Each structure stands twice: as C-alpha cells, then as structure tokens.
Amino acid sequence: MKTILKSLTLAIALILISCGGDKKTDKFGNPVSDGKENVEATKPEVSEFPLAEKGKEIFEGKGTCATCHKLDIKLVGPSIIDIAKIYKEKNANMVTFLKGEGEPIVDPSQYEVMKANFALTKTFSEEELESLEQYMYSQVK
Ligand code: HEC
C-alpha cells in the first residue's frame with residue numbers, strides 16, 4: 001500500500017512539473033509570448049532593412065532630406081526611388097557618398113546643391129548613415 005501511494009505521489013509530481021514546464025511566465029506569473037506567432041508576417045522587411053524605420057525618422061527629421069527628396073517625384077533633388085534604383089543597379093555605397101567621400105552618380109550637374117548637406121551628414125554616425133541608406137533602399141520593390 002505504501003509503495004502505491006509513493007508512486008502515485010511521484011506521478012502527480014511529475015505531471016505538475018511537466019505542465020508547469022512548457023508555460024513561460026514572467027516574474028509576476030503572467031504568460032509570456034515567445035514572439036513566434038508574428039515572425040512569419042513581418043519577416044522579409046525586418047530582416048532585409050532592420051534600420052529603415054530609424055532612417056525614415058532621420059530622413060524626415062534632423063536630416064531634413066525630405067525638404068528636397070520626395071518618394072517618387074523629383075523636387076529639388078531626385079526622388080528617393082530614382083536614387084535607390086541607381087544605387088542598387090550600380091551597387092554603389094550611399095554611406096560613403098553621404099560622408100562626402102564618393103562621387104555623384106545620380107545627377108552630377110546638381111551635385112553642388114547636395115554637397116551643402118555634407119556639413120550635416122558628416123556629423124552623423126555610421127549607423128545613422130546606414131539607416132538613411134536602408135530607408136531609401138526599402139522604398140524600392
Ligand atoms: C537642399 C536640397 C537637398 C537636401 C536637403 C538633401 N538633398 Fe540629397 N540631393 C539634392 C540634389 C539637388 C541632388 C542631385 C545631385 C546629386 O546627384 O548629387 C541630391 C542627390 C542625393 C543623392 C544621390 C547622390 C548621387 O550619387 O548623385 C543621395 C543619396 C542623396 N541626395 C541623399 C540625401 C540625404 C540622405 C539627405 C538628408 C541627409 C539629402 N540628400 C538632403 C538635394 C538635396
């Protein structure tokens with residue numbers, strides 16, 4: 001009788017352990033999602049241009065790029081899409097260009113206008129410049 005009771009207690013203990021084991025909870029005991037549910041839907045954009053969202057903020061914010069560059073129409077400068085297409089085609093490096101260390105390949109006749117911005121872009125970090133590049137690339141399908 002004792003042994004049956006023992007193994008019964010053991011069995012119950014095992015069941016409790018195995019049930020508790022696969023539910024993830026935070027320190028308050030609330031269930032925690034492991035994030036797997038949403039990965040599929042957002043995957044392509046997130047993995048290809050992880051900095052694009054940050055780049056958009058800089059482009060429209062402190063970079064003031066949006067004053068001259070619109071998505072698909074030429075304003076003062078070429079459109080974002082035109083620039084990104086040409087950079088992709090030629091496999092050019094936008095970060096180098098924005099550091100003032102490259103050559104203009106989109107519209108060299110207007111280079112002086114763009115060049116004035118290097119005073120600002122030269123103060124940006126490598127990651128900020130990469131964000132700008134990723135944002136522009138992410139606008140081309
Ligand atoms: C005062 C207007 C103006 C602003 C502000 C401006 N641009 Fe430009 N941009 C231009 C003009 C004009 C050109 C075309 C000349 C050229 O191709 O270099 C250009 C060209 C470019 C090119 C293509 C360069 C090439 O290889 O020919 C890139 C990339 C670019 N701009 C990025 C940016 C980014 C990023 C910002 C914000 C940090 C910015 N621009 C802000 C006017 C501007």
Side-chain angles (χ1 to χ4, degrees), residues 2-141:
K2 253 190 179 170
T3 37
I4 294 174
L5 208 67
K6 243 189 192 169
S7 45
L8 201 68
T9 328
L10 195 70
I12 291 170
L14 279 175
I15 289 166
L16 286 178
I17 290 168
S18 62
C19 282
D22 54 27
K23 272 195 210 114
K24 283 186 191 143
T25 52
D26 63 17
K27 61 182 175 194
F28 305 110
N30 297 318
V32 177
S33 153
D34 57 8
K36 273 183 190 146
E37 303 90 336
N38 299 324
V39 166
E40 281 312 310
T42 48
K43 213 175 176 181
E45 224 155 328
V46 167
S47 54
E48 207 182 346
F49 304 111
L51 294 172
E53 199 50 42
K54 179 179 174 170
K56 186 177 198 284
E57 269 168 36
I58 302 173
F59 197 90
E60 293 168 358
K62 70 170 180 176
T64 70
C65 321
T67 5
C68 295
H69 296 288
K70 300 295 169 201
L71 183 63
D72 54 6
I73 52 161
K74 182 178 157 59
L75 199 63
V76 182
S79 73
I80 294 174
I81 289 179
D82 282 347
I83 293 175
K85 269 188 187 155
I86 290 172
Y87 266 74
K88 270 190 177 171
E89 266 167 32
K90 303 202 171 173
N91 204 10
N93 189 328
M94 208 181 282
V95 172
T96 306
F97 176 79
L98 293 172
K99 283 180 181 165
E101 295 164 4
E103 295 293 321
I105 55 171
V106 178
D107 186 359
S109 71
Q110 296 297 305
Y111 181 45
E112 290 303 316
V113 182
M114 180 57 208
K115 223 174 156 181
N117 296 298
F118 293 160
L120 182 65
T121 52
K122 275 179 179 169
T123 69
F124 290 177
S125 70
E126 190 82 19
E127 193 191 84
E128 286 174 322
L129 295 176
E130 270 170 31
S131 306
L132 284 167
E133 181 183 59
Q134 286 192 16
Y135 166 60
M136 292 175 86
Y137 281 176
S138 73
Q139 300 307 300
V140 180
K141 296 291 165 275

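Just so you know, these numbers come straight off a predicted model, no measurement behind them. Ligands are counted one by one from 1 in listed order, and the atoms in each one are counted from 1 as well. Just so it is clear, the values below take in all heavy atoms, side chains as well, and ignore hydrogens, waters and symmetry mates.
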task = Give a yes or no on whether the ring-centroid distance for Phe124 and Phe118 is below 6.0 angstrom.
result =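 Ring-ring flag for Phe124/Phe118: false, centres at least 6.0 Å apart.
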For [X] versus [Y], what's the shortest heavy-atom pair and its separation?
X      : Y      : result
Ala52  : Gln134 : N-OE1, 3.8 Å
Ser131 : Ile58  : CB-CD1, 4.4 Å
Thr121 : Leu98  : OG1-O, 2.7 Å
Ala119 : Thr123 : O-CG2, 3.5 Å

task = Classify the ring geometry between Phe97 and Tyr87 as parallel (under 30°), tilted (30 to 60°) or perpendicular (over 60°).
result =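 Taking Tyr87 first and then Phe97, their aromatic rings stand perpendicular (interplane angle over 60°).
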[atom]: the protein heavy-atom neighbour that sits closest, reported with distance to 0.1 Å:
atom                    : answer
atom 2 (C) of ligand 1  : Cys68 SG, 1.8 Å
atom 28 (C) of ligand 1 : Ile83 CD1, 3.8 Å
atom 17 (O) of ligand 1 : Asp107 N, 3.0 Å
atom 26 (O) of ligand 1 : Tyr87 OH, 2.6 Å
atom 23 (C) of ligand 1 : Val106 CG2, 3.7 Å
atom 5 (C) of ligand 1  : Asn117 OD1, 3.3 Å
atom 34 (C) of ligand 1 : Cys65 SG, 3.5 Å
atom 12 (C) of ligand 1 : Val76 O, 3.4 Å

request  = Starting from the C-alpha separation in whole Å, work towards a yes-or-no answer on side chain to side chain contact (heavy atoms under 4.5 Å, CB included) for Gln139 and Asp72.
outcome  = CA-CA 9 Å; Gln139 300 307 300; Asp72 54 6; over 6 Å; no
query = Among Ser131, Pro78, Ala92, Gly77, which one has a heavy atom closest to atom 14 (C) of ligand 1?
reply =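 Checking each option, the heavy atom nearest atom 14 (C) of ligand 1 is found in Pro78.
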task = Would you kindly specify which portion of Thr121 sits under 4.0 Å from ligand 1, judged on non-hydrogen atoms: side chain, backbone, both or neither?
result =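 Near ligand 1, Thr121 shows its side chain, while the N, CA, C and O stay back.
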Only heavy atoms of [X], strictly under 4.0 Å: list the atoms of ligand 1 that pass.
X      : answer
Gln110 : 12 (C), 14 (C), 15 (C)
Thr64  : 5 (C)
Gly63  : 37 (C), 38 (C)
Tyr111 : 15 (C), 18 (O)
Pro104 : 18 (O), 25 (C), 26 (O), 27 (O)
Met94  : 29 (C)

Does atom [atom1] ([X]) have a neighbourhood of more than 12 heavy atoms from anything else shown, all under 6.0 Å?
X     : atom1 : result
Lys99 : NZ    : yes
Glu53 : CD    : no
Lys74 : NZ    : yes

inquiry  = Test of geometry: compute the angle NE2(His69)-atom 8 (Fe) of ligand 1-SD(Met114) and round it to 10°.
reply    =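 Reported to 10°, the angle equals 180°.
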task = Could you check Leu51 against Glu127 for side chain to side chain contact (heavy atoms under 4.5 Å, CB included), going step by step and ending with a plain yes or no?
result = CA-CA 8 Å; Leu51 294 172; Glu127 193 191 84; 4.0 Å; yes
